[in-house]
Amino acid sequence: MTRRRNAGTGGRAGRADILVVYMLRVRFAPSPTGYLHIGSARTFIFNWLFARRHGGTMILRIDDTDVDRNTQASLDSIFDGLNWLGLGWDELYRQSDRLALHQDTARAILEKGLAYRDFTPAHAGGDDASHGDGPWLFNPGMREMTAEESDRRAAAGEPFVVRFRVPRGTGRRVEFLDLVYGAQSKACDDIEDFALLRSNGMPTYHLASCADDADLRISHIVRGQDHLSNTFKHILIFEAAGAAIPQFAHLPLLVAPDGAKLSKRKHGPVVSVTTYRDAGFVPHAYVNFLCLLGWSPKDNREKMAREELTAAFAFEGVNRSNAVVNFKEEDPIDPKALWLNSEHLRTMPAAELAPMARAALASAGITPPYDEAWFADAVDVIRSRFFTLRDFATRGRAYFAEDYEMTPEALEKLNQGNARELLRELAARLAAAADFTEQSVEAELRALAVERGVKAGLLINGSRAALTGQTVGPSAFAVFAAIGRERVVARLSQV
RNA sequence: GGCGCUAUCGUCUAAGGGUUAGGACGAAGCCCUCUCAAGGCUUAAAUACGGGUUCGAAUCCCGUUAGCGCUACCA
């Protein structure tokens, strides 16, 4: 399953694998301090794929330990984004409900002497230049304080943070095998005595995250590469808490074309998944696009169904370098995302697409005429030229509404020769014809062209222009059928 | 500054010692054609730099450069 290098021997390795598969648990842990970032969405997707691939459990955990920065709006937008992706999860937790667990974990570590109280006042000077030019590691006065004095000052009500007592001068290195980045190692002497508990008694991210990961029996931590360096600290916490150490898989970051980290302030809407939803993306198409950023099935496949993605996903295929989201100032959509969306939109089952198209029309204030079956057929005919769901309401408007615009090019087609006159004649013939199918309309139109001595193209292109207001679109005869005899006759006789 | 990580066409990536360095998006051209797409064919486009190791390096090692991350009582 997880490509253990030390697979061991024969039957026993097989059994061990089954055991691990059974207990495989992953989590996605966003903090509600902003909208759902596309990088976070990708992390969620990779976790989900890994869990589904191996029959594991996908856990959603809201990491809301930073009470000052959490907002309900942000929480709502994260759920909006996640729901839009449509993948779901198996279990849901909220860190703010688990405060006691975090504090108990910190207390246990403190009582073992693996952490200590630091009474240094918070950030007196203010700015972050407080480290001088060397790295800050620890404050010896606090680290070496006797238990008696520490207890006395705490009892006296003096505020303190609880810091992890990172081993010093032992030559120890923290090591782990990352499923993506391979062997990782860092000297304890280079790790600072990080905080576990703030002076207000609230856990820090590191503590809360590890306490919860241990308690929830997370087997694999799959997260952004920005946590790669933090992992050394986390391993120290797991050890101190007496917990099993999970496996780690870090994912390369998503960055802007200039290589900078994506941020809302600097890059605007491209960083939010709602942008793609609002731009008319099919959810799965966007999932597919995100999967291709930093991961490859290695067989040149790109357009993949959810099942294919699930079957192919493995950390061996994950890259180690950051992936650029290729957007431009004037156009926030990555061209490849758009292409992939068009591929899915044009080939997915029409029955699945129809409700999405209907929703896109609804938000443009359009209620399609006729019934469900007609609608699905119309959607199926016109989608072959569309890129996003929004196209149904814009380029596809004439199929669903009567008030559509005529482009200058379309007008030009209608003004060619005696096109208008012939189209009106065609309308009369179609109104009287026995059948009204693609084939019968084509026969009727071509016969008229021959009779009047004009090229069929004049009538064909003229019809498309009159019926849709555009010079581009599906085969004109498919257009006739999709719009329906009644409306075709009405539109052509009024040209 | 310290520590960690990374480096293949413009972008996403394949090739984990031997290939004319492959595919996709985007771009250009041709074919097809009732328009526009799609599709087919074709073209331009990459191994950051310098040293090693080796018969042979995009691939392994070292260095340089560049980028990213961590270095908070943020996550």
Side-chain angles (χ1 to χ4, degrees), chain A residues 29-31 33-34 63-66 68-69 118 120-123 128 130-137 159-163 178 181-182 184-187 189-192 194-206 208-209 224-233 250 252-253 255 257-261 289 292-303 316-317 319-327 334-340 342-343 346 384-387 395 409-410 413 442 445-446 455-465 470-477 479:
Chain A
S31 59
T33 56
D63 277 11
D64 53 355
T65 54
D66 187 354
D68 295 335
R69 289 171 54 207
D118 181 347
T120 309
H123 250 66
D128 56 354
S130 55
H131 296 167
D133 30 8
W136 181 89
L137 288 172
F160 59 84
V161 312
V162 173
R163 290 191 182 281
D178 190 274
Y181 287 89
Q184 302 295 312
S185 160
K186 181 166 182 168
D189 288 335
D190 288 325
I191 302 173
E192 77 281 4
F194 52 93
L196 258 23
L197 243 33
R198 301 180 238 246
S199 55
N200 64 3
M202 291 295 285
T204 61
Y205 160 75
H206 301 300
S209 178
Q225 190 246 35
D226 47 344
H227 285 297
L228 192 60
S229 324
N230 287 331
T231 304
F232 301 105
K233 297 173 195 168
H250 287 90
L253 267 21
V255 298
D258 64 358
K261 185 173 160 180
F289 170 69
L292 263 19
L293 254 24
W295 173 79
S296 159
K298 294 183 184 283
D299 56 10
N300 284 342
R301 276 183 298 170
E302 303 216 294
K303 178 193 162 206
E316 284 68 21
N319 254 2
R320 284 178 292 277
S321 50
N322 292 345
V324 173
V325 179
N326 196 17
F327 63 87
D334 188 315
K336 193 150 190 173
L338 196 60
W339 168 76
L340 210 41
S342 73
E343 286 288 314
R346 294 170 191 190
S384 63
R385 270 92 179 155
F386 288 178
F387 288 84
R395 306 162 66 185
E409 295 77 17
K413 290 283 183 198
E442 176 162 9
L445 182 150
R446 287 191 187 279
K455 289 167 77 172
L458 182 71
L459 290 177
I460 290 171
N461 294 322
S463 299
R464 185 185 295 102
Q470 296 167 39
T471 55
V472 305
S475 157
F477 304 112
V479 171

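Heavy atoms only: backbone and side chains are in, while hydrogens, waters and symmetry mates are out. Predicted model only: the values in this text are computed from it and were never measured. Here is the naming used below: chain letters follow the sequence lines, and residue numbers restart at 1 for every chain.
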>> Strictly under 4.0 angstrom, non-hydrogen atoms only: write out the protein contact profile of nucleotides 28-47 of chain B, one letter per nucleotide from the 5' end, B, S or -.
In response: ------BBBBS---------
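Side-chain proximity of A323(A) to the nucleotides C12(B), A24(B), C70(B) is greatest for C12(B). Picking from A14(B), A75(B), C73(B) the nucleotide with the shortest atom distance to the side chain of S296(A) gives A14(B). If you check A75(B), G10(B), C73(B) against the side chain of V161(A), the one that comes closest is C73(B). With U71(B), C73(B), G69(B) as the choices, the nucleotide that has an atom nearest any side-chain atom of S199(A) turns out to be C73(B).
The partner of G67(B) is C5(B), judged by Watson-Crick or G-U wobble contacts that both fall below 3.5 Å. Base pairing annotation: U11(B) forms a Watson-Crick or G-U wobble pair with A24(B), both donor-acceptor distances under 3.5 Å. Base pairing analysis places C34(B) opposite nothing; no Watson-Crick or G-U wobble pair with both distances below 3.5 Å involves it. When Watson-Crick and G-U wobble pairs are counted only if both distances are under 3.5 Å, G16(B) pairs with no nucleotide at all. G50(B) is paired with C62(B) under the Watson-Crick or G-U wobble criterion, all donor-acceptor distances under 3.5 Å.
Note on G224(A): nothing from the nucleic acid sits closer than 4.0 angstrom, heavy atoms only. Contacts of N230(A) with the nucleic acid, taken as non-hydrogen atoms under 4.0 Å apart, include base atoms. Within 4.0 Å (heavy atoms only), E192(A) reaches sugar-phosphate atoms of the nucleic acid but no base atom. Residue H250(A) is classed as having no contact, given no heavy-atom separation below 4.0 Å to the nucleic acid.
In terms of the ring-ring contact (aromatic ring centres under 6.0 Å, His included) criterion, residue partners of Y205(A) (sequence neighbours excluded) are, by chain and number, H227(A), H234(A). By the side-chain hydrogen bond (donor to acceptor under 3.5 Å, both in side chains) test, D118(A) is found to be paired with T120(A), R163(A), residues two or more places apart in sequence or in another chain being considered.
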What are the atom names and distances for every N/O pair under 3.5 Å that joins the protein to nucleotides 3-9 of chain B?
from: C3(B); atom 1: O2'; to: K186(A); atom 2: NZ; distance (Å): 3.2
from: C5(B); atom 1: O2'; to: Q225(A); atom 2: NE2; distance (Å): 3.4

Detail all sub-3.5 Å separations between protein N/O atoms and N/O atoms belonging to nucleotides 62-64 of chain B.
none

What nitrogen or oxygen pairs link the protein and nucleotides 20-22 of chain B at under 3.5 Å?
from: G22(B); atom 1: N2; to: N300(A); atom 2: OD1; distance (Å): 3.3

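Side chain K336(A) to base C12(B): a donor-acceptor pair is found below 3.5 Å. The base of A14(B) lies outside donor-acceptor range of the side chain of K298(A), with no N or O pair under 3.5 Å.
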